[in-house]
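The structure under discussion appears below in the form of structure tokens.
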Protein chains: 2
Amino acid sequence: MAGMSLEHAILVSLLEQPASGYELARRFDRSIGRFWTATHQQIYRVLKRMESDDWVTAEEVGQDGLPDKKVWSVTPGGRSALVTWLRAPVQPEAVRHELAVKIRGAAFDDPDGRAALLAEVERYRADHEATLAGYLAGERRDFPDPAARDARASLQHVVLRGGIAYERMVLDWLDDVLATLRTLDPDGKARP
Amino acid sequence: MAGMSLEHAILVSLLEQPASGYELARRFDRSIGRFWTATHQQIYRVLKRMESDDWVTAEEVGQDGLPDKKVWSVTPGGRSALVTWLRAPVQPEAVRHELAVKIRGAAFDDPDGRAALLAEVERYRADHEATLAGYLAGERRDFPDPAARDARASLQHVVLRGGIAYERMVLDWLDDVLATLRTLDPDGKARP
DNA sequence: GGATGCATGTAATGCGTTACATGATTGG
DNA sequence: CCAATCATGTAACGCATTACATGCATCC
């Protein structure tokens, strides 16, 4: 009852805008995916469970030139389930930072291995730079006016600012990591 | 074969210092737990699998006034498995940020609900402030001298600096969240 | 003709969490 | 005497990941 909140992420997304399972899956690759990831298989499974709990209902919509789809909406029961969850304490986050394990593990590899890790960190850094650029573009597009917004937009924006702050922090830290790795093997070349 | 790295976190920890399952579990509540969490049940299960893969070996150690323990060490096979994994690409992190879901969900609750969330964010912020204080104390204790260290200490320190940067970023962002929530309901009181 | 996008699923496996279970010693 | 610490496990359940599977429409 406590954590398990793919359901709740779906409820928030469907309250913002009803959608098919497929559209939800795409949102979980984009905006919602910034703070909660899910694949389409999970989404279809959870939607079924939510339907049997009467949290969501589907409306069949025909499209021309495209397959029919089921557009899901939140029921009053789903909305009250969301409110109950919103008012429960936040669970501590489970941390899984693979790169940090590899960095500490690099102490048990040789300079060749550390050179490989350095290259991998550079690639990883480029990914995060692209993510930051995407967030900033989204911010300019969706929140051009800093004031005069409703609650929904203000809350969406503060979550996006969290993503931006996270990415900036990661980039700074990765620079620190790169500098540290270079200090260990100054020439940056493989040694026998 | 790709992600699944509780094994690898255990290998790093045992290479830094051999330990019993129980001691490992405590490390996963402290230093290693900063970037990889695990319970003792997981650890015992995984140690068994690692033993049958010949990645670790146990030595029975008797203690007086305390139960015997099995002290685990990494075998050459385990070390080479670690090196193989270290040189593989880093998997993208799976993001699960429950608080962000709740913040966006707060658009669908009333001022009472947002007041409850605000109180919860304040509690959450206090937790992160305590975590940061713990990291800073650990840094002063374990890394008093900024230069003249070996590779292992340098790498442990840069990972710890990552934790510190993360906590500072979170605290700043939570202040932003609190200010945003207060803007939505300026009086901070429940309304009918 | 092949790739990509839209749309929805099933099945197998494995990882993580929670609950249950035992038993000795030390300190208040 | 009760709680906490040290020490090691089993069992059940559920969630997540990966692979497999289908089928139509559009664009190059």
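First the proteins, then the strands, lettered A, B, ... as listed; each starts at 1.
If you take CG of Leu66(A) and P of dG23(D), they are 18 Å apart, rounded to a whole angstrom. The interatomic distance linking Glu60(B) (CD) with dA7(D) (P) rounds to 12 Å, in whole Å. Atom CZ of Arg96(B) and atom P of dC15(C) are 16 Å apart (whole Å). Residue Ile10(A) contributes atom CD1, which lies 12 Å from atom P of dC15(D) at whole-angstrom precision. Rounded to whole Å, atom C1' of dA7(D) lies 13 Å from atom CG of Leu24(B). Taking atom OH of residue Tyr22(B) and atom P of nucleotide dT8(D), one finds them 9 Å apart after rounding to whole Å. Atom C1' of nucleotide dA7(D) and atom NZ of Lys70(B) are separated by 11 Å, given to the nearest angstrom. Between Asp64(A) atom CG and dA7(C) atom P the separation is 12 Å, expressed in whole Å.
Pairing each heavy atom of Leu117(A) with each of Ala106(A), the nearest pair is CD2-CB, 3.7 Å. The shortest non-hydrogen separation linking Arg152(B) to Phe108(A) is NH2-CE2, 3.7 Å.
Within residues 41-49 of chain B, the residues having any heavy atom closer than 4.0 Å to DNA chain C are, in order of number, Gln41(B), Gln42(B), Arg45(B), Arg49(B).
Taking 4.0 Å as the cut-off between side-chain N and carboxylate O, Asp172(A) and Arg168(A) do not count as a salt-bridged pair.
Put simply, Ser20(A) has a side-chain N or O that comes within less than 4.0 Å of OP1 or OP2 on dT8(C). Residue Arg26(A) has no polar side-chain atom (N or O) positioned under 4.0 Å from OP1 or OP2 of dA7(C).
The nucleotide whose nearest atom lies closest to any side-chain atom of Lys69(B) is, among dT18(D), dA7(D), dA16(D), dA7(D). Residue Ala94(B) places its side chain closer to dT17(D) than to any other of dC6(D), dG23(D), dT17(D).
Side-chain contact annotation: Glu98(A) with His8(B), donor-acceptor N/O pair under 3.5 Å absent. With hydrogens and angles left out, the side-chain atoms of Glu23(B) and Gln17(B) include no donor and acceptor closer than 3.5 Å.
Remark: Arg96(B) is positioned above the aromatic ring of Trp36(A), its terminal NZ or CZ atom under 6.0 angstrom from the ring centre and at most 45 degrees off the axis.
Each of Gly65(A) and Thr37(A) has a nearest nucleotide on DNA chain D; the 5'-most of these lies closest to Thr37(A).
From Arg34(A), atom CZ reaches atom CG of Leu160(A) across 4.5 Å, with rounding to the nearest 0.5 Å.
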